[in-house]
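Data first, discussion second: the structure below is written as structure tokens.
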Amino acid sequence: MALTLAELQAEMQDHVSKLVVDEFRKSSYLLDNLPFDDAAYPDADGYSWTYRYYRVTTEGAASTRAVNSEYTPQEAKTTAYTVQLAILGGAFEIDRTQVNTSVLGDRIAFQISQKIKATRALFNDLFINGDTAVDANAFDGLDKALTGSSTEYGAGAYVDLSTSAQLDANYKAFLDAFEEWLGDLDGKPTAILGNSKAISRIKSVARRAGYFSQKEDAFGRTVDTYDGIPLVDLLQKPASASPVIPIESRTINASTVNGLTDIYAVRFGMDGVHAVAPQNRQALIRVYLPRLDEPGAVKKGEVEMLTTIALRATKAAGVFRNVKVQ
């Protein structure tokens with residue numbers, strides 16, 4: 001069953017939990033808009049949460065036929081995936097004498113907000129860069145899932161949008177390639193994802209082509225769009241100045257090219273890209289407040305999220321490689 005954080009927030013009875021979920025929604029376009037399938041179940045050993053789904057890897061075809069002839073048989077194909085939910089979050093400690101005595105105001109609320117910010121950043125990072133071969137406690141992200149897929153574009157070349165002059169010279173060629181890439185997806189994307197420089201370059205291209213517009217999100221904030229598709233900056237990795245989607249040097253046709261990054265497009269949906277929650281949906285996001293009424297000088301609090309993502313159809317997401325942005 002599809003679940004959104006807005007629905008989860010409405011169901012919660014605890015006021016603090018409601019505020020925590022609301023903060024996750026406000027601080028993350030992904031988390032506020034991704035549907036969650038609350039169907040993950042605990043393993044028999046009780047040490048992990050498992051989710052099994054099928055990814056469409058070959059779509060069904062259709063054709064005409066002549067009278068007294070048969071269709072050429074062709075079957076859609078799926079691949080089974082079993083994934084484990086990742087446990088994201090963090091803990092903090094505070095001396096009981098420091099509660100409500102800081103220039104920062106409520107130190108517990110401050111620490112909780114910082115853990116929410118870090119957990120959101122970690123989710124964004126895993127959404128793109130997660131790799132269970134590197135971190136067994138994480139989940140696989142889109143970069144790994146889309147490498148070598150039919151919706152990976154431009155892996156062997158690059159387009160230069162690094163300056164205003166390069167934008168003027170190359171935006172039409174980029175636009176043609178960009179539209180071709182978007183057309184390879186199985187529907188109009190819900191969002192285009194990038195880092196701040198990539199989003200800036202797309203907006204510049206969109207303005208030149210007349211595709212730039214703005215709209216409001218659920219919280220009344222202005223969202224920039226390309227042809228009506230929200231442009232989402234995934235910001236920085238947790239506790240870091242490095243963008244989630246890196247800008248780096250790569251070897252293209254035996255030459256080193258600096259300042260290259262990637263752009264992602266995703267279609268959210270239970271048949272596209274979605275997140276996963278436990279069967280007990282209240283366990284998706286939890287906050288554990290310090291117990292100030294119990295003995296012990298040092299109090300501990302935690303914020304935690306239990307989730308992963310699923311790519312139901314390969315063509316529900318794509319990556320445009322090697323855009324030179326600096």
Side-chain angles (χ1 to χ4, degrees), residues 1-5 7-8 30-31 33-63 71-88 122-153 155 181 184-191 193 262 264-285 305-319 321:
M1 178 179 177
L3 169 73
T4 65
L5 288 192
E7 293 168 340
L8 178 65
L30 290 183
L31 291 172
N33 288 275
L34 271 171
F36 289 77
D37 187 6
D38 55 340
Y41 55 89
D43 289 346
D45 59 14
Y47 290 108
S48 61
W49 288 77
T50 298
Y51 180 76
R52 183 177 175 86
Y53 72 99
Y54 291 87
R55 181 181 301 172
V56 178
T57 50
T58 302
E59 297 179 346
S63 65
Y71 292 110
T72 301
Q74 185 270 345
E75 294 77 35
K77 296 181 180 180
T78 62
T79 302
Y81 284 82
T82 300
V83 295
Q84 305 296 325
L85 271 65
I87 306 173
L88 293 67
L122 179 57
F123 178 84
N124 287 356
D125 188 20
L126 294 180
F127 188 87
I128 298 296
N129 303 310
D131 188 347
T132 52
V134 176
D135 180 0
N137 296 319
F139 55 79
D140 289 332
L142 292 184
D143 181 59
K144 183 175 180 179
L146 296 174
T147 297
S149 74
S150 62
T151 55
E152 182 187 35
Y153 189 95
W181 168 63
D184 285 339
L185 303 180
D186 62 4
K188 188 170 184 176
T190 308
L193 313 176
D262 302 325
Y264 291 80
V266 290
R267 179 179 61 80
F268 297 159
M270 297 306 293
D271 62 343
V273 179
H274 67 84
V276 182
Q279 289 174 325
N280 173 16
R281 55 175 63 181
Q282 298 295 317
L284 172 58
I285 295 175
M305 173 182 288
L306 184 58
T307 191
T308 187
I309 63 169
L311 176 61
R312 289 277 186 168
T314 303
K315 288 194 171 184
V319 56
R321 302 286 191 193

The salt bridge (charged side-chain N to carboxylate O under 4.0 Å, His left out) partners of Asp271 (sequence neighbours excluded) come to Arg267
By side chain to side chain contact (heavy atoms under 4.5 Å, CB included) - contacts of Ala191 (at least two apart):
Tyr29, Leu193, Val232, Val266
I need the Phe123 CZ to Ile128 CD1 distance, nearest 0.5 Å.
10.0 Å
On a heavy-atom basis, the closest approach of Lys144 and Ala133 is NZ-N, 4.1 Å
Is any side-chain heavy atom of Tyr264 closer than 4.5 Å to one of Asp143?
yes
Hey, what do you get for OH (Tyr153) to CG (Leu185), rounding to the nearest 0.5 Å?
12.5 Å
From Phe268 CZ over to Asn33 CG, what is the distance, rounded to the nearest 0.5 angstrom?
6.0 Å
Specify the closest pair of heavy atoms between Leu306 and Pro278, including all atoms of both residues, with the distance to one decimal.
CD2-CG, 3.4 Å
What heavy-atom pair brings Val273 and Ala316 nearest, and what distance separates the two atoms?
CG2-O, 3.9 Å
Backbone of Thr132 reached by a side-chain donor or acceptor of Asp140 within 3.5 Å:
yes
For Ala76, side chain to side chain contact (heavy atoms under 4.5 Å, CB included) partners two or more places apart
none
Distance in Å, Asp38 CG paired with Leu8 CG, rounded so as to fall on 0.5 Å steps
9.5 Å
Return the CG to CG distance between Asn137 and Leu85, rounded to the nearest 0.5 Å.
12.5 Å
Close side-chain approach of Leu142 to Val319, heavy-atom, < 4.5 Å
no
Rounded to the nearest 0.5 Å, how far apart are OG1 of Thr314 and CD of Glu152?
12.5 Å
Applying side chain to side chain contact (heavy atoms under 4.5 Å, CB included), name anything that partners Ala86, two or more places apart in sequence or on another chain.
Leu88, Phe139
Does Arg281 pair with Asp37 as a salt bridge, N-O distance under 4.0 Å?
no
What closest approach, in Å, do Leu311 and Ala145 show between heavy atoms, and which atom pair accounts for it?
CD2-CB, 4.0 Å
State, without any angle test, whether Arg55 and Thr79 hold a side-chain donor-acceptor pair at a distance under 3.5 Å.
no
Looking at Thr151 and Ala317, would you say the former's side chain and the latter's main chain have a donor-acceptor pair under 3.5 Å?
yes
Ala61 to Gln74 - nearest heavy-atom pair and separation
N-OE1, 2.7 Å
Please identify each residue that fulfils ring pair (Phe, Tyr, Trp, His ring centres under 6.0 Å) with Tyr81, with sequence neighbours left out.
Tyr53
Residue pair Thr50 / Gln84, side-chain donor-acceptor N/O under 3.5 Å:
yes
Does Glu59 have any side chain to side chain contact (heavy atoms under 4.5 Å, CB included) partners at least two apart in sequence or in another chain, and if so, which?
Val56, Asp186, Lys315
Heavy-atom distance under 4.5 Å between the side chains of Phe36 and Thr4, does that happen here?
no
Could you walk me through whether Arg312 and Thr78 pass the side chain to side chain donor-acceptor pair (under 3.5 Å) test, one step at a time?
CA-CA 9 Å; Arg312 289 277 186 168; Thr78 62; over 6 Å; no
